[in-house]
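Since we're looking at a predicted model, the values are computed, not measured. Numbers restart at 1 for each chain; the letters A, B, ... are given by sequence-line order, proteins then strands.
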Amino acid sequence: MSAVIESHNHDDHHHGPTKGLTRWLYTTNHKDIGSLYLWFSFAMFLIGGAMALVIRAELFQPGMQIVEPEFYNQMLTLHGLIMVFGAVMPAFVGLANWLVPMMVGAPDMALPRMNNLSFWILPFAFLVLLSSLFMEGGAPNFGWTFYAPLSTTYAPPSVTFFIFSVHIMGASSIMGSINVIVTIMNMRAPGMTLMKMPLFVWSWLITAYLLIAVMPVLAGAVTMMLMDIHFGTSFFNAAGGGDPVLFQHIFWFFGHPEVYIMILPAFGIASHIIETFSRKQLFGYASMVWAMASIAILSFVVWAHHMFTVGLPLAAELFFMWATMLIAVPTGVKVFNWVTTMFKGSITYETPMLFAIAFVVLFTIGGFSGLMLAITPADFQYHDTYFVVAHFHYVLVPGSIFSIMAAVYYWIPKWTGNMYDERLGKLHFWLSFIGVNVTFFPQHWIGLAGMPRRIPDYALQFADWNMISSVGAFLFGASQILFLFIVLKTVMGGKKATPEVWEGSRGLEWTVESPAPYHTFTTPPKVN
Amino acid sequence: MNEGSKKTIRTLCFAVLGMFTFSFALVPLYNVFCEVTGLNGKIELRATNVKNIEIDNGRDVSVQFVSHNNEEMPWTFKPSEDNIQIKTGKYHTATFYVKNTTNKKMVAQAIPSVAPSNAAAHLKKLECFCFEQQELAPGEEALLPVRLIFDDELPSSINSVVLSYTIFDVTDYNDVEFTQHHNDDHHAGHEMEPSI
Ligand code: HEM
Ligand SMILES: [Cu+2]
């Protein structure tokens with residue numbers, strides 16, 4: 001994609017950022033808000049990661065040594081909620097803020113004030129959630145899936161604050177998605193037709209529609225819980241004619257599209273990076289768009305693959321099994337595309353490319369274990385074991401998280417004007433890569449051997465692999481401190497980046513200087 | 001902001017409201033779906049008005065009754081007979097024995113479930129203690145009736161059906177209306193309630 005910028009003179013921009021802390025509080029600038037989201041997400045990543053390390057420390061050896069089982073459950077629940085809603089989702093929203101306006105040639109997001117609001121309610125939501133740790137009865141302890149009646153009849157009193165914080169997170173996501181959709185649909189530069197949009201923009205457009213469709217359902221689910229707990233209704237209470245299985249249906253109707261919300265933007269990112277460092281055009285742009293769209297649509301009809309063991313009738317078990325396996329087809333199309341793009345390319349292995357290749361390989365492993373789980377009769381054995389934990393960590397950590405890290409390395413020269421330290425970046429990659437595999441690969445085996453998930457203690461035969469898994473987790477955790485260091489170092493200085501940053505990079509964002517000026521594309525560029 | 005953006009925003013806001021409403025609509029949809037298909041072993045918690053369902057040459061079905069106490073529900077609750085043989089198209093009355101073993105007044109609600117689930121749609125009840133809440137004084141006991149019939153369309157592969165009841169302590173919920181399927185004008189349950 002080539003573009004011409006009509007006016008390259010940015011001295012005539014009216015104003016830069018205001019000075020001081022209030023800049024961040026009142027900012028309506030998409031780049032500022034993007035940075036806020038990204039820093040917030042990183043803070044949550046560290047907090048959620050610390051909780052994961054509490055979990056892994058307890059599981060280092062069989063027996064109970066460090067924490068009480070009740071506290072273990074609280075760590076487990078908060079870890080899941082913080083990683084999903086605090087780390088992965090805000091990171092993607094941050095990337096969307098930084099990149100979508102620049103990629104479509106718009107001066108800013110469509111609704112800048114709402115953009116400010118949707119960010120600033122997030123820290124508040126997580127403060128509420130985290131404060132529940134200090135409340136009587138402790139923090140939520142029912143798992144990130146908060147199945148009723150664990151989260152209603154048996155919940156600690158802090159569940160009300162949990163519900164409140166989920167409502168706020170939902171509101172934030174919905175506002176964020178409205179902003180993204182309106183920007184993409186109405187503010188593209190002249191000449192940028194839908195089928196000329198960069199794939200990251202496409203992936204976010206589809207993600208935003210998924211969010212609009214399912215976040216209200218999540219809000220509905222927690223509202224029903226709230227009513228069951230405080231207003232005596234019986235949505236999920238069998239004694240009053242309700243049904244706890246209904247909760248699972250509603251939750252997973254949100255939950256499965258949610259897992260694609262956490263991976264579709266990663267698909268977009270990987271496509272850009274692989275294309276750039278293979279020095280080839282992406283093999284099949286249109287098929288990538290169609291694959292993402294069909295994955296999104298299919299994601300609404302597979303939710304019950306999380307519920308194979310609740311006693312579904314045979315017809316439903318079969319339907320959800322085949323529908324789930326069908327998703328492997330468009331997913332396969334994407335993997336095929338990435339591999340074919342690399343094939344015979346003049347590849348160089350800078351840090352973003354390393355993360356992107358690891359993303360393709362390890363995400364595919366996660367996809368394969370997903371296929372195994374989709375086999376209904378096999379899932380009766382795998383369900384609620386560490387095999388499931390291994391599956392979703394493979395799609396989420398070297399999937400979503402690696403793609404976010406790849407994106408940071410790829411675009412940080414554009415954001416800061418400085419190149420990151422390539423040697424340290426590679427070191428960070430290899431430590432993370434080894435850490436992630438040492439942590440999660442053995443969990444496949446202990447899962448198949450029957451170790452249940454969500455337990456603070458386990459039978460002796462699982463001891464060895466658990467110990468190895470814990471070592472890997474601490475390695476992975478430590479290497480993220482290195483990541484923080486690299487990012488800070490890049491923000492403060494480093495080799496100056498050129499506007500195009502990477503040889504032959506494609507896309508409007510590479511046509512503006514590095515660092516990108518505070519205001520870009522105040523007059524829309526022309527896209528041929 | 002241009003007209004196009006405003007229109008997009010309006011449409012998206014409607015979509016959000018629509019999906020929020022849809023999440024609540026899932027509740028009745030789910031119940032209707034389960035009742036119509038009999039999935040989940042759910043049966044209607046109200047008397048079915050069935051005429052012309054009785055026939056003379058029905059086939060044998062064995063019915064097992066199962067009782068559960070939810071959580072710490074202290075009442076004694078058990079079927080008078082564990083197992084009966086009945087014919088499709090013929091009414092039968094079975095009874096369950098309950099006793100409030102505590103020294104306070106309590107209210108209970110029984111919730112039925114049928115296995116295999118595809119038998120649920122063919123099991124009709126003229127009356128059942130599960131249609132309403134049961135209130136027992138301290139130490140009070142009762143025989144609770146259920147009058148049931150299998151229609152003739154019961155799949156021929158099914159020769160044996162389990163009818164299970166779980167009894168819940170709803171004393172604290174008692175002021176709350178039991179809404180979902182409750183049929184207020186049905187009181188047949190009480191007439192048959194013999195005290196022993
Ligand atoms: C080919 C693609 C995929 C297939 C066939 C698949 C299949 C499945 C199945 C059948 C389960 C339920 C296992 C059980 O609980 O017994 C599951 C769980 C899970 N999957 Fe996937 N999956 C796929 C991709 C993904 C992706 C892309 C993500 C997220 C980025 C993801 C995240 C999860 C999570 C978080 C759970 C566990 C939920 C929980 O119980 O807490 N999956 N997957
Ligand atoms: Cu799923």
Side-chain angles (χ1 to χ4, degrees), chain A residues 110-112 114 149 153-154 170-171 173-175 177-187 208-209 211-224 227-228 231-243 245-251 253-254 310-316, chain B residues 1-9 11-27 29-31 33-34 37-42 45 70-71 73 107-111 113 115-118 130 133 166-182:
Chain A
L111 303 152
M114 191 171 83
T153 318
Y154 304 101
S173 292
I174 289 171
M175 289 193 277
S177 333
I178 291 180
N179 228 331
V180 169
I181 296 178
V182 179
T183 308
I184 299 177
M185 296 312 279
N186 299 290
M187 294 173 65
Y209 275 113
L211 280 164
I212 296 278
V214 300
M215 290 315 276
V217 176
L218 175 69
V222 291
T223 306
M224 289 178 213
M227 291 165 78
D228 272 11
F231 308 125
T233 55
S234 293
F235 286 102
F236 309 127
N237 181 354
D243 191 336
V245 177
L246 171 65
F247 177 87
Q248 298 188 25
H249 281 291
I250 297 177
F251 179 82
F253 186 82
F254 147 79
V310 301
L312 296 178
L314 185 63
Chain B
M1 189 179 310
N2 62 26
E3 267 312 302
S5 299
K6 286 200 186 118
K7 201 170 150 232
T8 316
I9 296 168
T11 319
L12 293 174
C13 289
F14 275 119
V16 169
L17 286 179
M19 286 311 289
F20 188 69
T21 317
F22 175 72
S23 71
F24 281 84
L26 281 173
V27 180
L29 281 175
Y30 174 77
N31 287 318
F33 187 77
C34 288
T37 55
L39 294 182
N40 214 7
K42 275 201 172 186
L45 287 183
N70 188 50
E71 295 168 27
M73 174 62 167
V107 185
Q109 170 70 49
I111 301 288
S113 175
S117 57
N118 52 347
C130 60
Q133 299 181 346
T166 304
I167 194 163
F168 291 79
D169 176 4
V170 292
T171 314
D172 296 337
Y173 286 89
N174 201 21
D175 42 341
V176 179
E177 249 219 86
F178 173 66
T179 44
Q180 299 258 325
H181 305 275
H182 195 55

Original post:
Relative to chain A, which of Leu12(B), Leu17(B), Thr21(B), Ile167(B) shows the most heavy atom pairs under 4.5 Å?
Top reply: Leu12(B)
Taking every non-hydrogen atom, the tightest pair across [X] and [Y]:
X: Ile174(A); Y: Val16(B); result: CG2-CG2, 3.6 Å
X: Gly220(A); Y: Ser23(B); result: CA-OG, 3.4 Å
X: Ala238(A); Y: Ile111(B); result: O-CD1, 3.1 Å

Checking [X] against chain B: side chain, backbone, both or neither under 4.5 Å from a heavy atom?
X: Phe254(A); result: neither
X: Tyr154(A); result: side chain
X: Ala219(A); result: both
X: Leu312(A); result: neither
X: Leu246(A); result: both
X: Asn179(A); result: neither

Subject >> Gap separating the CD1 atom of Ile9(B) from the CE atom of Met114(A), nearest 0.5 angstrom >> reply: 7.0 Å
Original post:
Can you tell me how far the SG atom of Cys13(B) sits from the CD1 atom of Ile178(A), to the nearest 0.5 Å?
Top reply: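 Those atoms lie 4.5 Å apart.
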Subject >> Segment of Asn2(B) engaging chain A (4.5 angstrom heavy-atom cut-off) >> reply: side chain
Subject >> Proximity breakdown for Phe22(B) and chain A, heavy-atom pairs closer than 4.5 Å >> reply: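 For Phe22(B), the contact with chain A is made by the side chain alone.
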**OP:** Would you please test Thr223(A) and Phe24(B) for side-chain contact (heavy atoms from CB on, under 4.5 Å) and show each step?
**Re:** CA-CA 10 Å; Thr223(A) 306; Phe24(B) 281 84; 3.9 Å; yes
Original post:
Under a 4.5 Å heavy-atom cutoff, which of Asn237(A), Asn186(A), Ile250(A), Ile181(A) has the most pairs with chain B?
Top reply: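 Top option by heavy-atom pairs under 4.5 Å: Asn186(A).
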Original post:
Should we say atom NZ of Lys6(B) is surrounded by more than 12 heavy atoms from elsewhere, each under 6.0 Å from it?
Top reply: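 Yes, NZ of Lys6(B) has more than 12 neighbouring heavy atoms, counting only those of other groups under 6.0 Å.
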